[in-house]
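Single-structure report; data block below.
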Amino acid sequence: MARGRRMKDRKQPGVPQEVQSVVTQTTKKSAKGQPALGREIQAKIGQQLRAYYDTLIEPAPQRFADLLRKLDRPGDKGPTE
Amino acid sequence: MSLDSSIRDSMLAAVPSLRAFAISLCGNVDRADDLVQETLMRALANIHSFQPGTNMPAWLFTILRNLFRSEYRKRRREVEDPDGSYAETLKTHPEQPSHVEFKEFSTALARLPQDQREALILVGASGFSYEEAAEICGCAIGTIKSRVNRARNRLVLLLGIDDPNDFGPDRPTRAVLTGDDVA
């Protein structure tokens, strides 16, 4: 059917609506017809997500501690915008 | 006005996660640091509206998200990064088991609609409850749940996961779904 071709011809990124039909082929359907991901898949995604986030976590750069101290100095009005 | 040191400490304690959230929103470490800095300044300027004992991280995340949103509306084009140069800004640890897998993941994440991405990160990585995430995003809990679900489903598509034991994507399928074949 024409739907398949349209997907193939699609050139911009992003997931089109019609992809829903593909989701339901590879995952179980819930009662509402929405794709329900298996627990293991959800766990896998969760694990990847946390691994990604963890790489972004660093000790707060000193500049933020300095900033808070500077802005907070009594008598120093700090940001006056 | 001198800031209670416990308040200052709780602000500082929230910064690493706040900063990670900012990087994942805007995909750029320098801009993320600017966002964090502005967030802290706003927070201090409005510290009277913060109730001690309530959730400092959620309060700061809310401020940062609002700042990002208003900036995003002005600079929309710079934020979208479908090619995943986004991922290039991320450091990976040498001991990272699979750099490729990591990069694929961060690229896929960058392709999610912003609403879905932030909901997924808040709940799945920043450690907020659905309720807190709803508060941060100013929407209903059900909306957050549905965004998280859609985000997960879309990641599954983008990553080509169709079997929990096979994380390797089915390339032809993924190419069709993501448009990678036209690169």
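Quick caveat, the model's predicted, so the values are computed rather than measured. Letters A, B, ... mirror the listed sequences (proteins, then strands); counts begin at 1.
The nearest pair of heavy atoms linking Tyr52(A) to Ser24(B) is OH-CB, 3.1 Å. Between Ile57(A) and Ala20(B) the shortest heavy-atom distance is CD1-CB, 3.9 Å. Here the shortest heavy-atom pairing between Pro16(B) and Glu58(A) reads CB-O, 3.2 Å. Minimum interatomic distance between Ile41(A) and Val156(B) (heavy atoms only, all atoms of both residues): CG2-CG2, 3.6 Å. Closest non-hydrogen pair, Phe64(A) versus Gln37(B), comes out as CE2-N, 3.7 Å.
Arg152(B) touches chain A through backbone and side chain together, each having a heavy atom under 4.5 Å away. For a residue to count as touching a neighbouring chain, one of its non-hydrogen atoms must lie under 4.5 Å from one of that chain's; by this rule Arg39(A) does not touch chain B.
No side-chain heavy atom of Arg19(B) sits under 4.5 Å from any side-chain heavy atom of Leu56(A).
With sequence neighbours left out, the side-chain contact (heavy atoms from CB on, under 4.5 Å) criterion links Asp30(B) to Asn28(B).
To the nearest 0.5 Å, atom CG of residue Leu155(B) and atom CD1 of residue Ile45(A) are 5.0 Å apart. Put simply, CG on Asn149(B) and CD on Gln42(A) are 7.0 Å apart, with the number rounded to the nearest 0.5 Å. Here Ser126(B) contributes atom OG and Leu49(A) contributes atom CG; the two are 8.5 Å apart, rounded to the nearest 0.5 Å. Here the CZ atom belonging to Phe102(B) is positioned 3.5 Å from the OG1 atom belonging to Thr55(A), to the nearest 0.5 angstrom. Considering OG of Ser5(B) and CZ of Arg69(A), their distance stands at 11.5 Å, rounded to 0.5 Å.
Ranked by heavy-atom pairs under 4.5 Å with chain A, the list Val123(B), Leu18(B), Asp33(B) is led by Asp33(B).
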Legend entry - Test log, rule side chain to side chain contact (heavy atoms under 4.5 Å, CB included), inputs Leu44(B) and Leu67(A): CA-CA 10 Å; Leu44(B) 279 181; Leu67(A) 177 79; over 6 Å; no

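Within the structure, salt bridge (charged side-chain N to carboxylate O under 4.0 Å, His left out) contacts touching residues 118-138 of chain B (residues at least two apart or in different chains) are Arg65(B)-Glu118(B), Arg69(B)-Glu118(B).
Panel note: side chain Tyr53(A), backbone Ser17(B); a donor-acceptor pair is recorded below 3.5 Å.
Annotation: Gln62(A), atom CD; neighbour count of heavy atoms from other residues, nucleotides and ligands within 6.0 Å is above 12.
A salt bridge links Arg63(A) with Asp34(B): the closest approach of a Lys/Arg side-chain nitrogen to an acidic carboxylate oxygen falls below 4.0 angstrom.
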